[in-house]
There are 4 protein chains.
Amino acid sequence: MARTSGTNLRREILDTTRRLLIQDGYQNLSMRKIANAIGYSATSIYLYFENKDNLVHALIDEGMEKMQQLLLGIDNLLTDPLKALRELCNRYVAFGLENPEYYEVMFQLHPARMARYPVEKYRKARKNLEVFRDVIEAGQRMSLFREGDALLKATAVWTSLHGLVSLLIAQRVDQQIAPEDLQERVFDQVVAFVGG
Amino acid sequence: MARTSGTNLRREILDTTRRLLIQDGYQNLSMRKIANAIGYSATSIYLYFENKDNLVHALIDEGMEKMQQLLLGIDNLLTDPLKALRELCNRYVAFGLENPEYYEVMFQLHPARMARYPVEKYRKARKNLEVFRDVIEAGQRMSLFREGDALLKATAVWTSLHGLVSLLIAQRVDQQIAPEDLQERVFDQVVAFVGG
Amino acid sequence: MARTSGTNLRREILDTTRRLLIQDGYQNLSMRKIANAIGYSATSIYLYFENKDNLVHALIDEGMEKMQQLLLGIDNLLTDPLKALRELCNRYVAFGLENPEYYEVMFQLHPARMARYPVEKYRKARKNLEVFRDVIEAGQRMSLFREGDALLKATAVWTSLHGLVSLLIAQRVDQQIAPEDLQERVFDQVVAFVGG
Amino acid sequence: MARTSGTNLRREILDTTRRLLIQDGYQNLSMRKIANAIGYSATSIYLYFENKDNLVHALIDEGMEKMQQLLLGIDNLLTDPLKALRELCNRYVAFGLENPEYYEVMFQLHPARMARYPVEKYRKARKNLEVFRDVIEAGQRMSLFREGDALLKATAVWTSLHGLVSLLIAQRVDQQIAPEDLQERVFDQVVAFVGG
DNA sequence: TATGAATGAGCGTTCATTCAT
DNA sequence: CATGAATGAACGCTCATTCAT
């Protein structure tokens, strides 16, 4: 029985999968659980996604695009690199904390545990890193930032941000530490490092 | 059939579990496999560990202690904080990269997704952070490092290191980046931040 | 969308099914695969065949007819029974070995395990046997063959040929035995038996 | 709950599997069906057989041994080859008709549809053929049978018998033909061929 | 202390088929 | 004439766990 208009089920599957990912994590994600959660038979999922990997891939894809739009939405991205870098950090972390389900599949999943993430999607993933790199390069051109391999610097920055998001999501940060304090401190570290 | 004195089986289970964990990853860890590997029946494990979660908890516990010993084994830990900080970073990352699967279980497993990790074990995990804090405090006392909340700084440092290890383990670092370069850059960032 | 004139789809289904059958075997034959292969929806098949069994029955039917035509195409079928008998054997075995999966469905599928194979189709299957019988009878009339119940003799001949094809298809013949040798030996046996 | 003494379940599984094989054929044999039929959980089967293939292999093995004992039990096997050959045929066919479930997995299963039947079991399978060969050789030594490659002749004989059994089991023999008549005719054919 | 026997729940996936349009 | 949407049943198999001994 068709409950909603056709292609909406695809959306519903994706959304429910995200919800379950937050709740139970990737390890405990199962096609049946998704199906039950949306009130359809497990078989139905296969009408919209070839298999579990494909479903997760689609989710990763969405996440990458969302993050990219968020990062590219910054004002004066290349004209005010100092401010932009800080805002990049802000938005990256905000995205992670607000979309932990995306974040987990996007960045914490070991590729060996999934069918290889298709090459063309990796390109999309890399775009995010390139935003950081471009901003750093812009800052370098304007002599606001120290010289040095911009991609490497971008990756180092990303490393810190990723650590921050990961620990906060996994609730591994000591309770005595206020997340906002830590976040600010990490941003300081990052900005200081890129050189302001 | 009692092959060895009683409590040794507990040890054997832990050692084998760790080995299997490092070899095959958490996803592929199963009670049956552990039992087979040590040549006992699966049932026997339950004589020493209430369930799988408990066993894994005990393992995390041991991992934390191992890492602690590794970190505390540094020469002149509190007398040469500058060198010590860099060596702390070195050893932390080395531990993570040498035991990737182990590291994942220790730091990436979401506590809410396992039976609650007992509070007193969290204290042990915290010990590692405290080593970083103590070194930073020592440096501050010797006026080698900038002032500021040492625990917070330690956490920020840890954040970067954790990010580094996580990304490398998950093989998410761009192929154009040499891991050693990235590592050095992150260490620089950390040391610069703590202020040398 | 109607791509070709109506009843041609039935033909297309049958042809494709046969192709898939020969390619992948009965076990791997599925309605969805057939549908995909012809570029129609799975549902469409049901417009022409009540269910999978029916489709396969129709295919068996066609196979029987094909074989019959093959057998009836022999020159001087009833005028030179000696040569004809040997050629019958030749063609029967060739058909089996060239279409092993098809052969299996035609002769090895247990009728009780499919929806009852309609009686009138059995008649068509019987036609093949009758070709053998007719040739034997012709030979008897010409005093080339020994007397005796021709249908029974035909069945005995068929028995040997079927055994030969079956064992070769199932790859159960000892590797030391060259298939051609075996085939010749069996033909000799058959011809000798009918009595030349 | 242990209903019967331990190792009897293995027996029960094997027997039930045979029963189901007659009923539904290999294609429709499933672990669940077996489990249901014996009133145990599907999981339990895996305590006694590593997987479905292993279970079927065990069955094939049993069948081979049974048949071998049956064939080797003939009196004066090598001293009265003429009688022995006919009795071999008798017993072979009798075995097939009385144990169609064994027969199906033993001789009709295409190896590609199962995990490769282990090599050492193939040896056992070959033993049956060798009984035929040995009798033929004995007859040749006593100048009772015509000369010629005994293994090839044995295989040709087997071919006919296999065809007979297969068609009878699959109920493909025309209803006008009395099975006993056909059987006798085939035996005549065989014996005549080996040369008496 | 240790085990053999057993299980219920679950996994991803495929299948033939139905039904409203 | 043809389909898109959907499903229930089944598949082989693995898992953590229990329980009587």
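In what follows, every chain begins at residue 1, and chains take the letters A, B, ... in the order their sequences are listed. Since the model is a prediction, treat every value here as computed from it, not as a measurement.
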Visitor: Of all the nucleotides listed (F:dT3, E:dA2, F:dA6), which has the minimum atom distance to the side chain of B:L9?
Guide: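 Between F:dT3, E:dA2, F:dA6, the one nearest the side chain of B:L9 would be E:dA2.
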Visitor: Could you check C:Q27 against B:I45 and say which one's nearest nucleotide on DNA chain E is further toward the 5' end?
Guide: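 The residue closer to the strand's 5' end, by nearest nucleotide, is B:I45.
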Visitor: Can you tell me how far C1' of E:dT3 sits from CD1 of B:I38, to the nearest Å?
Guide: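 So the two atoms are 13 Å apart, to the nearest Å.
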Visitor: Among the nucleotides E:dA5, F:dC15, F:dA6, which one has an atom lying closest to any side-chain atom of A:L47?
Guide: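 Nearest nucleotide to the side chain: F:dA6.
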Visitor: B:N36 has an atom CG; how far is it from atom C1' of E:dG4, in whole Å?
Guide: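 Distance check: B:N36 CG to E:dG4 C1' gives 14 Å.
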Visitor: Rounded to whole angstroms, how far apart are CE on A:M31 and C1' on E:dC11?
Guide: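 Result: 11 Å.
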Visitor: Among F:dA10, E:dT7, F:dA5, which is the nearest nucleotide to the side chain of A:R32?
Guide: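 Out of F:dA10, E:dT7, F:dA5, the nucleotide with an atom closest to A:R32's side chain is F:dA10.
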Visitor: With rounding to the nearest 0.5 Å, note down the distance linking CZ in A:F49 to OG1 in A:T17.
Guide: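 So the CZ of A:F49 and the OG1 of A:T17 are separated by 7.0 Å.
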Visitor: Taking 4.0 Å as the cut-off, does a side-chain nitrogen or oxygen of D:S41 come that near to OP1 or OP2 on E:dT7?
Guide: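 Affirmative; the distance criterion is met.
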Visitor: What integer distance in Å separates A:N54:CG from E:dT14:P?
Guide: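 Spelled out: CG on A:N54 to P on E:dT14 is 11 Å.
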Visitor: Base, sugar-phosphate alone, or nothing: which one does A:S44 contact when heavy atoms must sit under 4.0 Å apart?
Guide: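 Base contact.
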Visitor: Scan C:L29 against the nucleic acid and name what it touches under 4.0 Å (heavy atoms): base, sugar-phosphate only, or nothing.
Guide: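 Counting heavy atoms under 4.0 Å across all strands, the contact made by C:L29 is with sugar-phosphate only.
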Visitor: Taking 4.0 angstrom as the limit, do B:E62 and B:K124 come out as a salt bridge?
Guide: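 So B:E62 does not pair with B:K124 through a salt bridge.
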Visitor: If F:dT21 has a Watson-Crick or G-U wobble mate with both distances under 3.5 Å, name it; if not, just say none.
Guide: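 Its partner is E:dA2 (Watson-Crick or G-U wobble, both distances under 3.5 Å).
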Visitor: Please walk me through it: do A:R19 and A:D15 pass side-chain contact (heavy atoms from CB on, under 4.5 Å)?
Guide: CA-CA 6 Å; A:R19 226 189 59 227; A:D15 291 341; over 6 Å; no
Visitor: E:dC11 C1' sits how many Å from A:K52 NZ, rounded?
Guide: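 Value for this atom pair: 8 Å.
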Visitor: Could you state the atom-to-atom distance from CG of C:N28 to P of F:dC11 in whole Å?
Guide: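 Answer to the nearest Å: 16 Å.
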Visitor: Does atom CD of B:Q23 have more than 12 heavy-atom neighbours from other groups under 6.0 Å away?
Guide: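 Enclosed: over 12 neighbouring heavy atoms sit under 6.0 Å from CD of B:Q23.
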Visitor: Is the NZ or CZ atom of A:K66 positioned over A:Y103's six-membered ring, under 6.0 angstrom from the centre and within 45° of the axis?
Guide: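 No.
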Visitor: Given atom CG of A:D53 and atom C1' of E:dG12, what is their separation to the nearest angstrom?
Guide: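 My rounded result for the distance is 10 Å.
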Visitor: Between D:K33 and D:T43, just flag the one whose closest nucleotide in DNA chain F comes earlier from the 5' side.
Guide: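 First, find each residue's nearest nucleotide; the 5'-ward one identifies D:K33.
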Visitor: Regarding C:S30, tell me which of base, sugar-phosphate or nothing describes its non-hydrogen contacts under 4.0 Å with the strands shown.
Guide: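 Touches sugar-phosphate only.
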Visitor: Would you mind reading off the distance between C:Y46 atom OH and E:dT17 atom P, rounded to a whole angstrom?
Guide: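 About 4 Å, once rounded to whole Å.
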Visitor: Which of the following nucleotides, E:dA2, E:dT14, F:dT14, is nearest to the side chain of B:Y40?
Guide: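 Looking only at side-chain atoms, B:Y40 lies closest to E:dA2.
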Visitor: Would A:D61 and A:Y117 count as a side-chain contact (heavy atoms from CB on, under 4.5 Å) here? Give the steps.
Guide: CA-CA 10 Å; A:D61 221 33; A:Y117 189 54; 3.7 Å; yes
Visitor: Of the options E:dG8, F:dT3, F:dT17, whose atoms approach the side-chain atoms of B:A42 most closely?
Guide: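 Closest nucleotide to the B:A42 side chain: F:dT17.
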Visitor: Using purine N1 to pyrimidine N3 plus N6-O4 or O6-N4 for Watson-Crick, or N1-O2 and O6-N3 for G-U wobble, both under 3.5 Å, which nucleotide pairs with E:dT7?
Guide: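 Partner of E:dT7: F:dA16.
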